[in-house]
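Below: the structure, in structure tokens.
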Amino acid sequence: MQALIQLPPLSDSHICSKGDKLLLVMTHQGSEDRETVLEFQIERTRDPQHGDFACNVAMILGKLLKQAPQQLAKEIIARLPPENEWVQAIKMAGPGFINIYLKPVAYHRVLETILVDKERYGRHSLGNGKSVLIEFVSANPTGPLHVGHGRGAAYGASLARLLEVAGYQVACEYYINDSGRQMDILALSVWLRYLELCGETLRFPTKVYQGDYVWDIAATLHREHRDAFRHPSDQLFAGLTETEEHNSPDSFIDTLIQRCQTLLGAAAYRTVFELGLTVILEDIRRDLQEFGVHYDQWFPESQLVPAAEALLEKLTQQGLAYQKEGALWFRSSLYDDEKDRVLRRENGQMTYFATDIAYHWEKLQRGFDHVINIWGADHHGYIPRIKAVLAALGADPQRLSVLLVQFATLYRGKERLQMSTRSGEFVTLRSLREEVGNDAARFFYVQRRCEQHLNFDLELAKSHTLDNPIYYIQYGYARTIKVFRRLQEQGGQWEHNLAYLQTLATPQERSLLILLTRYPEVIASAACAYEPHQIAHYLRDLAQQFHSFYEEHRILVEEMPLRNARLSLTAATQQVLYNGLTLIGVTAPEEM
RNA sequence: GCGCCCGUAGCUCAGCCUGGAUAGAGCGUUGGCCUCCGGAGCCAAAGGCCACAGGUUCAAAUCCUGUCGGGCGCGCCA
């Protein structure tokens, strides 16, 4: 874009680019000699009447020089060469826009690039090879993934691919919360169900995991170990009343965990604990893999405990952690957090925060230029304390970005599906995938900005008809395939030649051509903003433009130059649809 | 109460970061298009005080302030 326009010699000016924006740096010869940075844009026009690109520099300059923008625009245009290899004309319009009209060959060149670059078309050097670690999903291995995790999975996987295409070195990681209280509660839940299978009668507490999967794990435990871990339930519940559970449910559970550990002994407890962890984690791995979500590393929290101890020690020595009311606190309030936070509970157990510190520290130590966390929006209050502790440890908090994903609400048509984790009746990611298919699930998850609440309509996602965007796009791709099959059946040949492309002249052909050349810009924009939804929207537009072209024109016409040109256009569309669909993890089916 | 996110067509949402020319799409509604490469498609119409009120600007859906709605968070939970 920069090559398209040469700026007039306004003092000592030069152009540089910053992000996706061009800057004009000029020495402003005013009363005092100083350098002024002008930010102006050369951007795509929406209305073809305004040419291909529009520049607002005259309006920006007009403000600075206190001159009429329209006059300035005319002067700038007068000093530009009237045309060159790519530019047909440059005109002033409206309040002072400088509109640039391109020669068709400019677009034809890009089409050729697409055909040559193939799946590499759209790739960028934007990231400059910088390394990024993306951590996402990281659900506690206490149960199967649900539809909320699905959104994080789809978003994270698409973002990873997007950044990779944009020139970053990307690694994906799943953090396994395999220690801590929640896991103990899982072990307890499994054991309680196991006791029931052994024939014990007991009152199942409300705050433990109740899903059917707990039964399954307990059944395995019972099958493999028979009554080896059985203890009378009276011993377990001795002195614990229903009122006590009601009044302080947390300490009620903690007591049960302690008794469970005492009654079983360390080795047996470990067996129960490990079985639950292994079974659930394996289920999560398989679920994500089937969903097309791949990780470079699965990082267990348990591995971090020594490092966490060391960091707690370090913070204490630096006076950034202190004892109060039997617990160890971090002075996060010194670093933009509202209050201090507990690192080690009164009962001696570390909080998740303590191991999280070690984990984030460890990630930065591994040398990534940037570290991205994708969290559910309900965790947003947690961000300041993580950034605080990184600052306290002497790291630059800017190296960490936390992206928040809002909740997904499921609908079946008009009906809103209620999800309740406690009862275990939540909708699992697996059941969603089974119902609507991976492609629709991936597409629906990423088609909205992640900070937007997502209404996920199962009926719509499932519909193989008119109103489902995913089928609309895939159908477009299948159509491009079919055209070439048809050509083959007719014994015809496609011969690409730049000269043939001159025969493309209709509005539909031109619009499609322009849209195809925009793909790299969409990649850049989406990558900069961490917004894969831009790709989904672009693909919708592209499919629409292709369908429109297809309906209005016959591709396999008799005239060879025109037929070849339209086939080139079709092939390029096919390629870009493929690249885009692949990026967001959706398949490009050859027939539907 | 404090903090973060959201409020745009009947519905679901883009556009907001980086202010520009008549505010865009899909669904739904209404009306057209199949001797033709797959009609799972295309074309067209109707539909908007961009939540509200101020401010900044030549120019505000976009930036600033306030108000009102909705969601989430504010634990020795994760």
Side-chain angles (χ1 to χ4, degrees), chain A residues 18-21 39-41 43 45-47 49-50 54 56 59-60 62-63 68-69 93-97 99 138-140 142 177 180-182 185 207 250 324-329 338-339 341-353 356 376-384 404 406-407 409 411 414 447-457 460 463-469 471-472 474-476 478-480 482-487 489-490 508 525 528-529 531 533-534 536-537 540-541 543-544 546-557 566-567 570 591-592:
Chain A
K18 177 182 128 191
D20 56 346
K21 186 179 229 186
E39 300 202 356
F40 66 94
Q41 290 148 2
E43 54 185 12
T45 57
R46 201 150 8 129
D47 187 342
Q49 286 192 341
H50 298 140
N56 67 345
M59 289 181 285
I60 305 281
K63 186 174 196 167
F97 285 104
N99 290 336
S138 298
N140 283 345
T142 52
N177 286 115
R181 186 161 176 269
Q182 292 305 316
I185 296 177
K207 291 268 280 194
D250 282 328
K324 191 181 93 183
E325 294 160 7
L328 183 67
W329 298 69
E338 344 178 286
K339 53 197 271 197
R341 309 290 177 178
V342 171
L343 293 163
R344 193 196 302 280
R345 295 161 66 193
E346 203 175 354
N347 67 7
Q349 258 199 330
M350 278 192 278
T351 60
Y352 276 74
F353 179 44
D356 273 353
D378 53 337
H379 286 59
H380 74 254
Y382 200 71
I383 300 171
L404 299 174
Q406 292 289 344
F407 296 124
T409 311
Y411 285 83
K414 293 279 180 204
Q447 74 173 333
R448 303 284 177 240
R449 285 164 60 220
C450 65
E451 55 270 271
Q452 187 78 244
H453 291 270
L454 175 70
N455 290 323
F456 196 125
D457 184 349
L460 181 60
S463 77
H464 287 219
T465 50
L466 18 108
D467 43 5
N468 188 346
Y471 286 93
Y472 183 85
Q474 289 180 321
Y475 179 53
R479 261 187 165 171
T480 66
K482 186 63 188 223
V483 170
F484 282 93
R485 289 214 178 129
R486 188 77 189 181
L487 177 73
E489 283 164 24
Q490 294 176 353
Q508 288 83 6
S525 166
C528 284
E531 290 183 347
H533 79 268
Q534 292 189 30
H537 282 270
R540 220 277 162 197
D541 287 347
Q544 178 167 52
F546 178 73
H547 285 307
S548 179
F549 158 74
Y550 182 94
E551 289 292 332
E552 291 298 318
H553 309 299
R554 199 176 162 74
I555 295 170
L556 299 176
V557 292
R566 287 184 175 162
L567 283 169
T570 304
E591 36 187 49
M592 314 221 13

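Every chain is numbered from 1, with letters handed out A, B, ... down the list of sequences. As the structure is a computational prediction, the values presented were derived from the model and not from experiment.
Both A:R486 and A:A543 lie close to RNA chain B; mapped to their nearest nucleotides by heavy-atom distance, the more 5′-ward contact belongs to A:R486. Each of A:H379 and A:I555 lies near RNA chain B, and the nucleotide nearest A:I555 is the one positioned closer to the 5' end.
Residue A:T351 places none of its side-chain N or O atoms closer than 4.0 Å to OP1 or OP2 of B:C77. The side chain of A:Q452 places an N or O atom within less than 4.0 Å of a non-bridging phosphate oxygen (OP1 or OP2) of B:A14. Contact annotation: A:K339 reaches the phosphate of B:G75 (side-chain N/O to OP1 or OP2, under 4.0 Å). Under 4.0 angstrom from either OP1 or OP2 of B:G38 there lies at least one side-chain N or O belonging to A:K482. Residue A:R479 has a polar side-chain atom (N or O) positioned under 4.0 Å from OP1 or OP2 of B:G39. Applying the 4.0 Å criterion to OP1 and OP2 of B:C6, one finds that A:R449 has a side-chain N or O inside that range. Between A:Y471 and the phosphate of B:G38, there is no side-chain N or O to OP1/OP2 separation shorter than 4.0 Å. For A:N347 and B:C76, the shortest distance from a side-chain N or O to OP1 or OP2 is not below 4.0 Å.
When both pairing distances are held under 3.5 Å, B:C63 makes a Watson-Crick or G-U pair with B:G55. Nucleotide B:A44 has B:U30 as its partner under the Watson-Crick or G-U criteria, with both atom distances under 3.5 Å. If you check B:G39 for Watson-Crick or wobble pairing at under 3.5 angstrom, you find it has no partner at all. Applying the Watson-Crick and G-U wobble criteria (two distances, each under 3.5 Å), B:G3 pairs with B:C72. The pairing partner recorded for B:C50 is none, the criterion being a Watson-Crick or G-U wobble arrangement whose two distances lie under 3.5 angstrom.
To the nearest angstrom, C1' of B:C16 lies 11 Å from NE2 of A:H533. Distance CD (A:E451) to P (B:C13): 13 Å, rounded to an integer number of Å. In this structure, A:F484 places its CZ atom 16 Å from C1' of B:G38, rounding to the nearest Å. The nearest whole Å value for the distance from the CD atom in A:Q406 to the C1' atom in B:C5 is 5 Å. Put simply, CG on A:D378 is 16 Å from C1' on B:C6, counting in whole angstrom units. Look at NZ on A:K324: it is 13 Å from C1' on B:G75, rounded to the nearest Å. Rounded to whole angstrom, the span from the CZ atom of A:R46 across to the C1' atom of B:A61 amounts to 12 Å. Atom pair A:E338:CD and B:G1:C1' shows a separation of 12 Å (rounding to whole Å applied).
Counting non-hydrogen atoms under 4.0 angstrom, A:E346 reaches a base of the nucleic acid. Looking at heavy-atom distances under 4.0 Å, A:D541 makes no contact with the nucleic acid at all. Nucleic acid contact for A:E552: sugar-phosphate only, since backbone atoms but no base atoms lie under 4.0 Å from a heavy atom of the residue. As judged by a 4.0 angstrom heavy-atom cut-off over every strand, A:N99 is placed among the base-contacting residues. Nucleic acid contact class of A:D457 (heavy atoms, under 4.0 Å, all strands): none. Nucleic acid contact class of A:Q349 (heavy atoms, under 4.0 Å, all strands): none. Base contact: A:A54 has a heavy atom under 4.0 Å from a base atom. A:F97 comes within 4.0 angstrom of a nucleotide base, judged by non-hydrogen atoms across all strands. A:F353 comes within contact range of no nucleotide atom at all, as no heavy-atom separation falls under 4.0 Å.
Candidate nucleotides B:G38, B:A14, B:A78 were compared by shortest atom distance to the side chain of A:N177, and B:A78 ranks first. Considering only side-chain atoms of A:N140, the nucleotide from B:C76, B:A78, B:C72 that sits closest is B:A78. The side chain of A:Q544 approaches B:C42 more closely than any other nucleotide in the set B:C42, B:C37, B:G38. With distances taken from any side-chain atom of A:Y472 to the nucleotides B:C76, B:G41, B:G75, the minimum falls on B:G41.
With both ends at atom P, the span from B:G71 to B:U30 equals 34 Å, rounded to whole Å. Comparing B:U8 with B:C13, their P atoms are spaced 9 Å from each other, to the whole Å. Comparing the C1' positions of B:C33 and B:C52 gives a spacing of 45 Å, expressed to the nearest Å. Going from the C1' atom of B:C36 to that of B:C50 covers 44 Å, rounded to whole Å. For B:U65 and B:G41, the P atoms lie 46 Å apart once the distance is rounded to whole Å. With C1' as the reference atom, B:C72 and B:G26 are 28 Å apart, rounded to whole Å. Across the P atoms, B:C63 and B:G20 are found 10 Å apart, a figure rounded to whole Å. For the C1' atoms, the distance linking B:A61 with B:G19 amounts to 10 Å, nearest Å.
No side-chain heavy atom of A:R344 sits under 4.5 Å from any side-chain heavy atom of A:W329. Within the 4.5 Å cutoff, the side chain of A:Q406 has heavy atoms near those of the A:H453 side chain. Using a 4.5 Å cut-off on side-chain heavy atoms (C-beta onward), A:F97 and A:T45 make no contact.
The nearest pair of heavy atoms linking A:N99 to A:A54 is OD1-CB, 3.4 Å. When all heavy atoms of A:V342 and A:T351 are compared, the closest pair comes out as O-OG1, 3.0 Å. Closest of all the heavy-atom pairs between A:P95 and A:P69 is O-CB, 3.6 Å.
For the pair A:R540 and A:Y472, the cation sits on the ring face: its NZ or CZ lies under 6.0 Å from the ring centre, inside 45° of the axis.
B:C64 takes the anti form, because its glycosidic angle lies more than 90° either side of 0.
With its ring centre under 5.5 Å from that of the base six-membered ring and a plane angle below 30°, A:H50 counts as stacked on B:A21.
Side-chain atoms of A:T570 come within 3.5 Å of backbone N or O of A:R566 as a donor-acceptor pair. Between the side chain of A:D47 and the main chain of A:Q49, a donor-acceptor pair closer than 3.5 Å is present.
Between the base of B:G3 and the side chain of A:H380 there is a donor-acceptor pair shorter than 3.5 Å. Side-chain atoms of A:N56 and base atoms of B:A59 include no donor and acceptor less than 3.5 Å apart.
Counting only N and O atoms by type, the side chains of A:Q349 and A:R345 include a donor and acceptor under 3.5 Å apart.
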